[in-house]
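Shown next, in structure tokens, is the structure this report addresses.
Convention: sequence-line order gives letters A, B, ...; per-chain numbering from 1.
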2 protein chains.
Amino acid sequence: MSAAPERAGLSRSAEDYLKVIYELKAKGVPAHTSTLAAELSVAPPSVSGMIKRLSESGLLEHAPYHGVELTSTGRHAALGVLRRHRVLEAYLTSKLGYSWDTVHEEAERLEHAVSDVLIERMALALNNPRFDPHGAPIPTEAGDMEEPESMPLTEVPVGSVALFSMVGDREPERLRFIESLGLRPGVSFRVVAKQPFRGPVTIRIPGTAGSSDEVIGHELAEGLSCTVVEELDHA
Amino acid sequence: MSAAPERAGLSRSAEDYLKVIYELKAKGVPAHTSTLAAELSVAPPSVSGMIKRLSESGLLEHAPYHGVELTSTGRHAALGVLRRHRVLEAYLTSKLGYSWDTVHEEAERLEHAVSDVLIERMALALNNPRFDPHGAPIPTEAGDMEEPESMPLTEVPVGSVALFSMVGDREPERLRFIESLGLRPGVSFRVVAKQPFRGPVTIRIPGTAGSSDEVIGHELAEGLSCTVVEELDHA
DNA sequence: TTCGAATATTAGGCTACTATAATTTCTAGT
DNA sequence: ACTAGAAATTATAGTAGCCTAATATTCGAA
């Protein structure tokens, strides 16, 4: 009747902290107490407390009054959580009819309860997928992750052709809107215009019957990771 | 980043208590503090404490110094946990290659983390199964459960033909042994002998090439639920 | 270069759950 | 009916996680 998975003594909370710290680092954002507090929806003193426990367990280094760094143990644990989360998202989407805007929440809870055995079986059933439904790379069982070369849509030069590669998975509303524009990971498009002063970006998505132009606000565009396929418009 | 499923404020512990209380009742065993403590592997005072919290939440009635009864709310919650557990067992066994002796442990953890939406999708993918891999009936979404008429193997009269209907799912070793005898839920057999003084029971399982006789110790036989199909030997 | 705002930490409390030790209540056997 | 032993409870304490309020530190701007 044990409530915790077999993974050595990491609470759900601890796993969430490690995961968020890893994700911030991956985005190049320093993991400050206040950032973590905002990201995890807890008060800053709660973060200080957890940081203390996690450093004492050797999962991260803490320079008081200056953020934290994951140790290699901590990074390994974080990648484990990330793998579980992303394999779950892939499995639930492909085998149980979840849509990409609702799957995050379910995975968020299950990632702490599934065993590694189950995750490997799900991965196998999907033929070891390399990306989750939002285009995020899935760490391997060994704990390696290939971060694909990408940049925010706002930085793709006008005229280039790019692939939509990834989007954050946390906001269902945002995901539904992106989908309504015809964007899903893997879709390619050409940037046809970009307004200055944080203005909207216009992209052209080739479709079966002609192509459609979509205008995307700057803030939304910043959150869309793209991989440039064709450097410039050779027209 | 919420750690709990949407189900109203029941902790994993609380769900475990309710489930065990329900299961004891179903077996006709009164839910005394010490019984619960043993079943849940916690100390008796921990049970007293949880009983207090659960009664205050209206999930059970407590007559101090005399066990507990589930209220209808409590029973409904318990049946929910049981449905989640058993649907999970059925799904993991049929879709992800779990064996019936290892699936319990995984379901035990996931039952507290899965949403009802996911459970319904799993159930649908299996065509709404009515029994789990151990032969236990799965409560419906509405919270009804048909307890099939059954009795322990030790009480099936000699000469009768019966169906092996159910076995507890908690002990992998026991399950593997039972399987090695050729017994799985749904298998039929005839009781050919029963020794007195808590002696072994001998059953004959018809097979493709003749039939095999298996001798089963009394204690093991007590844990095997059977449904009598043919009252007596009409030979 | 110092000072004030922003940020982080400590101090102190709360809840849920666990435990052990001490006490109370029940019940069965005489 | 009494009493010993079993069973349940209360008393007390610890851990993890959360909180708010108070304090400490840092850093940028005047």
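Contact between Leu92(A) and Glu106(A) at its shortest, heavy atoms only, is CD1-CG, 3.7 Å. In terms of heavy-atom proximity, Pro129(B) sits nearest to Ala90(B) at CG-CB, 4.3 Å.
Between Trp100(A) and His134(A), the ring planes are parallel. Angles under 30° get that label, and only those over 60° would be called perpendicular.
The phosphate of dT9(C) has OP1 or OP2 within less than 4.0 Å of a side-chain N or O from His62(A). Regarding contacts with the backbone of dT27(C), a side-chain N or O of His66(B) is found under 4.0 angstrom from either OP1 or OP2.
Put simply, CG on Leu79(B) and OG1 on Thr140(B) are 8.5 Å apart, with the number rounded to the nearest 0.5 Å.
Rounded to whole angstrom, the span from the CG atom of Leu59(B) across to the P atom of dA16(C) amounts to 13 Å. Between the CD1 atom of Ile51(A) and the P atom of dT10(C) there is a distance of 11 Å, given to the nearest Å. Regarding Lys52(A), its NZ atom lies at a distance of 6 Å from the P atom of dT10(C), rounded to whole Å. Separating the NE2 atom of His112(B) from the P atom of dA16(C) is a distance of 18 Å, rounded to the nearest angstrom.
With a 4.5 Å cut-off on side-chain heavy atoms, Ile216(B) and Leu183(B) count as touching.
A donor-acceptor contact under 3.5 angstrom links the side chains of His104(A) and His85(A), judged on distance only. Side chain to side chain, Glu222(A) and Thr154(A) fail the donor-acceptor criterion of an N or O pair below 3.5 Å.
Considering only residues two or more places apart in sequence or on other chains, Thr71(A) meets the side chain to side chain donor-acceptor pair (under 3.5 Å) condition with none of them.
Within residues 26-37 of chain A, the residues approached by DNA chain C to less than 4.0 Å at the level of any non-hydrogen atom are His32(A), Thr33(A), Ser34(A), in residue-number order.
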For each nucleotide in nucleotides 13-18 of chain D, reading 5' to 3', give B when a protein heavy atom comes within less than 4.0 Å of its base, S when such contact involves only the sugar-phosphate, and - otherwise. ----SS

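Nucleic acid contact for Pro64(A): sugar-phosphate only, since backbone atoms but no base atoms lie under 4.0 Å from a heavy atom of the residue.
Summary of the strand contacts: Pro45(A) and Tyr65(A) both lie near DNA chain D, and taking for each the nucleotide with the nearest heavy atom, the more 5' one is attributed to Pro45(A).
Under the side chain to side chain donor-acceptor pair (under 3.5 Å) rule, Glu111(A) has a single partner from Arg12(A), Arg84(A), Lys19(A), which is Lys19(A).
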